Amino acid sequence: QVQLVESGGGSVQAGGSLRLSCAASGYLSTTYCMGWFRQVPGKQREGIAAIERNGRTYYVDSVKGRFTISQDNAKNMLYLLMNSLKLEDTAMYYCGAGPPYSYCGGTYWINGNYAYWGQGTQVTVSA
């Protein structure tokens, strides 16, 4: 089992920045891929960024160049730095952990179909 707790969401004006954090605990030694996905009510999950234990990163096109995913393996922390925020970035953001022994190369990260996820943190971008 893996437990995830997100924090750092809030309200920000368009063009602003936020940094999300995710504290991970539990059986992490076999977790090779972690990432972030977001969801708007009534819409499907959208995977936005993922990172492998070795540091390889993946981004969906809509956030490339604006968002940066990073991790601190020693502290079991995952981060998402979001710059140049847009109105369409408004969503609930979730931290996810992939199935054991699975790298991010599969499709589950882009669909937000992680094995574990947290309770989410709301990000609201206003004009």
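Just so it is clear, the model here is predicted, and its values are computed rather than measured. Reckoned from all heavy atoms, side chains included, excluding hydrogens, waters and symmetry mates.
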Taking only distance into account, with no hydrogens and no angle test, what donor-acceptor pairs under 3.5 Å do side-chain atoms of residues 118-127 form with protein atoms, sequence neighbours excluded?
from: Gln119; atom 1: NE2; to: Glu6; atom 2: O; distance (Å): 3.2
from: Thr121; atom 1: OG1; to: Gly9; atom 2: N; distance (Å): 3.0
from: Gln122; atom 1: NE2; to: Ala91; atom 2: O; distance (Å): 3.3
from: Gln122; atom 1: NE2; to: Thr124; atom 2: OG1; distance (Å): 3.4

Mind listing the closest non-hydrogen atom pair of Pro99 and Tyr108 along with its distance? CD-CZ, 3.6 Å
Ala23 to Met77 - nearest heavy-atom pair and separation: CA-SD, 3.5 Å
Rounded to the nearest 0.5 Å, the OG1 atom of Thr68 sits from the CG atom of Leu80 at a distance of 8.0 Å
ring-ring contact (aromatic ring centres under 6.0 Å, His included) partners of residues 40-63, not counting sequence neighbours, each pair once: Tyr58-Trp109
Which pairs pass side-chain hydrogen bond (donor to acceptor under 3.5 Å, both in side chains) with one or both residues in residues 89-104, sequence neighbours excluded? Arg38-Asp89, Arg38-Tyr93, Arg66-Asp89
Are side-chain heavy atoms of Met82 and Ser17 found at a separation under 4.5 Å? no
List the atom of Cys33, the atom of Tyr114, and the distance in Å for their closest heavy-atom pair. SG-CE2, 4.4 Å
Quick one: do Glu46 and Val40 satisfy side chain to side chain contact (heavy atoms under 4.5 Å, CB included)? Show the steps, please. CA-CA 9 Å; Glu46 177 190 21; Val40 175; over 6 Å; no
Would the distance check show the side chain of Gln71 and the main-chain N or O of Asn76 forming a donor-acceptor pair, the cut-off being under 3.5 Å? no
Same cluster for Tyr27 and Leu4 if Ile/Leu/Val/Met/Phe/Trp/Tyr side chains link at under 4.5 Å? no
Transitively linked via ILVMFWY side-chain contacts under 4.5 Å: Met34 with Tyr79? no
Measure the shortest side-chain to side-chain distance between Phe67 and Ile48 over non-hydrogen atoms and say whether it is less than 4.5 angstrom. yes
Closest contact, heavy atoms only, Gly35 versus Leu78: O-CD2, 3.7 Å
Hey, any chance Leu20 and Val2 share a hydrophobic cluster, counting ILVMFWY side chains that come within less than 4.5 Å of each other, even indirectly? yes
Give the C-alpha distance, both sets of side-chain angles, the deciding distance and a yes or no for side chain to side chain contact (heavy atoms under 4.5 Å, CB included) between Cys104 and Arg56. CA-CA 9 Å; Cys104 298; Arg56 183 175 182 178; over 6 Å; no
With clusters defined by side-chain heavy atoms of hydrophobic residues (ILVMFWY) lying less than 4.5 Å apart, directly or transitively, does Leu81 cluster with Leu85? no
Applying salt bridge (Lys or Arg N to Asp or Glu O under 4.0 Å), can you list everything that pairs with Arg45, at least two apart in sequence or on another chain? none
Within the supplied structure, the quantity of interest is the number of heavy atoms (other residues, nucleotides, ligands) at a distance under 6.0 Å from Gln1 CD; does it exceed 12? no
Counting N and O atoms only, with roles assigned by atom type, does the side chain of Asp72 sit under 3.5 Å from a partner on the main chain of Ala74, one being a donor and the other an acceptor? yes
Could you tell me which residues satisfy side chain to side chain donor-acceptor pair (under 3.5 Å) with Gln39, sequence neighbours excluded, listed by chain and number? none
Residues at least two apart in sequence or cross-chain that pass salt bridge (Lys or Arg N to Asp or Glu O under 4.0 Å) with Lys86, listed by chain then number, are none
Looking only at heavy atoms, the pair that brings Ile51 and Ser70 closest together is CD1-CA, 4.1 Å
